[in-house]
Amino acid sequence: GDSVTQMEGPVTLSEEAFLTINCTYTATGYPSLFWYVQYPGEGLQLLLKATKADDKGSNKGFEATYRKETTSFHLEKGSVQVSDSAVYFCALSPSSNTGKLIFGQGTTLQVKP
Amino acid sequence: NAGVTQTPKFQVLKTGQSMTLQCAQDMNHEYMSWYRQDPGMGLRLIHYSVGAGITDQGEVPNGYNVSRSTTEDFPLRLLSAAPSQTSVYFCASSLPGARELFFGEGSRLTVL
């Protein structure tokens, strides 16, 4: 079945460092891919998305490119801030699209001043 | 707009007790779903619904019941709580074809 694998955390970076969180997926057909962010004590918010191969999603300085050849959707940011400290989830929506998402295990990011 | 509203935010139960987690959305979304979040396991789908009167099981449905009598509401019932059901529960909704989900703020349940 469809699945998502994220790099294990926690990831600890200094402010202004470059961030990469790896995400790979297994899916049939043409899934959509997402990154969600969960700030401490809050629910999940959509960070960015990509609906087809080679699409690049971007928001708040974060980017991710839908790579079908490598089945990847890695999250990147050029310069992280303390306020980016959160848990990041990679997720896919299967081709069948019945309102379900399949999530990776989440990666905790801590940014130190 | 309130979006997706979950109640209660926190609940402590004893083993064997029953309870209902409420979820309501005011966006006229047809699709609704329940997930549980456990450390190191991401979010796992419990039950989902594609419209009023239609529900189906997700990855981890055992011990939970759902029903969908209206488009707005999708309650999750724990029939006989067990410590393994200690978790944070999220309700989500979406429009058909939209793919992305809108989440509530979560309900933290502890079963002693």
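Residue numbers start from 1 in every chain, and the chains themselves are labelled A, B, ... in the order their sequence lines are given, proteins ahead of strands.
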Give a yes or no on whether E105(B) atom CD has more than 12 heavy-atom contacts from other residues, nucleotides or ligands under 6.0 Å away.
no

Taking side chain as everything from C-beta outward and backbone as N, CA, C, O, which of these in Q37(B) sits under 4.5 Å from a heavy atom of chain A? Side chain, backbone, both or neither.
side chain

Counting heavy atoms not belonging to K68(A), are there more than 12 under 6.0 Å from its NZ?
yes

Within the supplied structure, the quantity of interest is the number of heavy atoms (other residues, nucleotides, ligands) at a distance under 6.0 Å from Q17(B) CD; does it exceed 12?
yes

Give, for atom CD of E42(A) and atom CZ of F103(B), the distance between the pair rounded to the nearest 0.5 Å.
14.0 Å

Applying a strict 4.5 Å limit to non-hydrogen atoms, the region of L101(B) in contact with chain A is both

Interchain contact, E8(A) with chain B, by part (heavy-atom threshold 4.5 Å):
neither

Option among L101(A), L46(A), T51(A) that satisfies the side chain to side chain contact (heavy atoms under 4.5 Å, CB included) test with E100(B)
L46(A)

Heavy atoms from other residues, nucleotides or ligands near OH of Y39(A) exceed 12 (cutoff 6.0 Å)
yes

Ranking G40(B), G106(B), G104(B) by heavy-atom pairs under 4.5 Å to chain A gives rank one to G40(B)

Test side chain to side chain contact (heavy atoms under 4.5 Å, CB included) applied to M41(B) - qualifying residues, sequence neighbours left out:
D38(B), R44(B)

In terms of hydrophobic clustering (I, L, V, M, F, W, Y; side-chain heavy atoms under 4.5 Å; direct or indirect links), are L78(B) and F90(B) co-clustered?
no

Side-chain contact, heavy-atom cut-off 4.5 Å: Y36(A) with L43(B)?
no

